[in-house]
Amino acid sequence: MRLALRRDRLMIPAWVPALGLAHGLSVGDPGGQLGPVLAAALSQVPAVWTLTGLAVLVFGLFPKATPAVWALVGGCLAIGWLGPSLKFPAWAINLSPYTHLPKLPGADATAAPFVWLPALSALFALLGLVGVRRRDIG
């Protein structure tokens, strides 16, 4: 099991450059496309951190509800994929942290979501850790 996890951790970072290279080869500019594709992949990290912070918050304050975090992750993905085509209301689409990030490469990026999403993540994680510290584990 540990070997499989180690192998996966090594394979995931290899996929992003491979995808950038494949996209570059398809458009005829392999060296010029790696950077934008890498930046596009890394631009999604604040949303992942937000969901991770939310998971820590739920674990710290409501430990029995921790498995429900997977429903939140699935809900965020479903909102991103199905929300616009099913014409979800804007407030429902905005529940996903992924909708607040720019669609790179190609879209204009502003610094605001890259500042407030990690700050929100840190707040969620801090509150969750405070909850864990106050629990009687043992």
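Residue indices begin at 1 and follow the sequence shown.
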Scan for side chain to side chain donor-acceptor pair (under 3.5 Å) pairs involving residues 52-69, sequence neighbours excluded, and state none if there are none. none
Go through Trp49 and Leu120 one step at a time and tell me if the side-chain contact (heavy atoms from CB on, under 4.5 Å) criterion holds. CA-CA 9 Å; Trp49 286 344; Leu120 188 63; over 6 Å; no
Please report, to 0.1 Å, the donor-acceptor pairs under 3.5 Å made by any side chain of residues 70-93, with sequence neighbours excluded.
from	atom 1	to	atom 2	distance (Å)
Ser85	OG	Leu82	O	3.1

Rounding to 0.5 Å, atoms CG (Leu61) and CZ (Phe124) come to a distance of 11.0 Å
Result block: side-chain N/O donor-acceptor pairs under 3.5 angstrom for residues 35-45, not counting sequence neighbours:
from	atom 1	to	atom 2	distance (Å)
Ser43	OG	Ala40	O	2.7

How close do Pro46 and Leu117 get, counting heavy atoms only, and between which atoms? CB-CB, 4.0 Å
Are Val115 and Pro118 close enough that some pair of their side-chain heavy atoms sits under 4.5 Å apart? no
Can you pull out every side chain to side chain donor-acceptor pair (under 3.5 Å) where at least one residue sits in residues 116-131? Sequence neighbours excluded, please. Thr50-Ser121
Tell me, do Val132 and Phe59 make a side-chain contact under 4.5 Å, heavy atoms counted? yes
Quick one: list whatever passes side chain to side chain contact (heavy atoms under 4.5 Å, CB included) with Ala55, sequence neighbours left out. Val69
List the residues meeting side chain to side chain contact (heavy atoms under 4.5 Å, CB included) with Leu129, not counting sequence neighbours, and say none if there are none. Val56
Residues forming a side chain to side chain contact (heavy atoms under 4.5 Å, CB included) with Leu127, sequence neighbours excluded: Leu57, Leu123
Can you sort out the partners of Ala122 under side chain to side chain contact (heavy atoms under 4.5 Å, CB included), two or more places apart, ordered by chain and number? none
